[in-house]
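Heads up: the structure comes next, in structure tokens.
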Amino acid sequence: MIDVKNLHKYFGSLEVLKGIDCHIDKGECVCVIGPSGSGKSTFLRCLNCMEDPTSGKIIFEGVDIADPKVDINIHRRKMGMVFQHFNLFNNKTVIENIMLSPVLCAKKDRRKAVMHNMFHKDKLPVRPVKEIKKDAEENAHKLLERIGLEDKADVYPSTLSGGQKQRVAIVRSLAMNPEVILFDEPTSALDPEMVGEVLDLMRDLAKDGMTMVVVTHEMGFAREVGNRVLFMADGKLVEQGSPADIFEHPQNPRLQDFLSKVL
Ligand code: ADP
Ligand code: MG
């Protein structure tokens, strides 16, 4: 699904990604581990075009999204992103947070269809805005039901616990029907007793076959749920393999050293 080729990223003269090559297959849960500052977040941000790579290719479903000529908005819709600090809109209710992107995108498509119909004989369907909102709302309720938070639909995020916020953030990304979800340390900002509920939801998604790339410090999760583990250090992909390879038979001394500190 995603093929990364010789990806480099500089911030000024600082080289943060030093030639990353990897691939992510459909249905895989790929966990990315490594010390702080090794470029894990930058790597994820390049994958969904929040950062422009300095050079290299990111082939997503056959299209090089690192190419500035490509309309990344079309492709970014297919990638969900979940952040350490949830990034919910605090001035919107829980259900408004979940409905926001699907409604905006459907309205954008609607405008495109209206424009198209003004100039072409073949007419595209134009969905009424009311219907767009109703569908998004129904779907949002279903998603909240899935995580057992349907009673929180109309409250503001500030009244939720960290674990609840992160679960809302995860279903908000699901509301766009993404092909892949990128997680950047989704449990790092949580109190320990809330980590489990978020990991449980992520485990369910992986079981359902969602393609996931997860930057995490939860070695238990990487070991149990990850199909593959990538170890990054100093801007490079130093080692990758099955969880058994990485955790039982680490080859690179830097990985051995890292694991001796975190396990
Ligand atoms: P990780 O997620 O593995 O901790 P990051 O990708 O956040 O690592 O950061 C890798 C390196 O890039 C760090 O040295 C960090 O200071 C630097 N960096 C990250 N983002 C920026 C930025 N926007 N501008 C300048 N330097 C940055
Ligand atoms: Mg990071």
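We count ligands from 1, going down the list as the structure has it; atoms in each ligand are counted the same way. Note: hydrogens, waters and symmetry copies are ignored here, and every other heavy atom, side chains too, is used.
- Under a 4.0 angstrom heavy-atom cut-off, Gly34 registers as lying outside contact with ligand 1.
- By the 4.0 Å N-to-carboxylate-O rule, Lys142 lies too far from Glu138 to be salt-bridged with it.
- Using a 4.0 Å cutoff on heavy atoms, Pro35 counts as a contact of ligand 1.
- Among protein heavy atoms, the minimum distance from atom 14 (O) of ligand 1 is reached at Leu14 CD2, 4.1 Å.
- For Lys123, the NZ atom sits in a packed shell: over 12 heavy atoms of surrounding residues, nucleotides or ligands are nearer than 6.0 Å.
- Shortest contact from atom 27 (C) of ligand 1 to any protein heavy atom: Phe11 CD1, 3.3 Å.
- Inclusion of Gly37 in the set of residues having an N or O under 3.5 Å from an N or O of ligand 1 is warranted.
- Between the side chain of Gln256 and the backbone N or O of Gln251 there is at least one donor-acceptor pair closer than 3.5 Å.
- A 4.5 Å side-chain heavy-atom check between Glu61 and Lys26 finds every atom pair outside the cut-off.
- Looking only at distances, a side-chain donor or acceptor of Asn117 sits under 3.5 Å from a matching main-chain atom of Leu124.
- Looking at Glu179 and Lys78, no side-chain N of the basic residue comes within less than 4.0 Å of a carboxylate O on the acidic one, giving no salt bridge.
- Residue Phe89 qualifies as open at atom CZ: its count of foreign heavy atoms under 6.0 Å is 12 or below.
- Ring geometry for His75 against Phe60 counts as perpendicular: the plane angle is over 60°, on a 0 to 90° scale with 30° as the lower cut.
- Put simply, Ser41 gets within reach of the Mg ion (ligand 2), with an N, O or S atom under 2.8 Å from it.
- Scanning the protein heavy atoms around atom 6 (O) of ligand 1, the nearest turns out to be Thr42 OG1, 2.5 Å.
- Close N/O approach between Ser41 and ligand 1 is found [any backbone or side-chain N/O within under 3.5 Å].
- With hydrogens left out, the protein atom closest to atom 11 (C) of ligand 1 is Val16 CG1, 3.6 Å, a heavy atom.
- Among all protein heavy atoms, the one lying closest to atom 8 (O) of ligand 1 is Gly39 N, 3.2 Å.
- For atom 16 (O) of ligand 1, the protein comes within 4.0 Å by no heavy atom at all.
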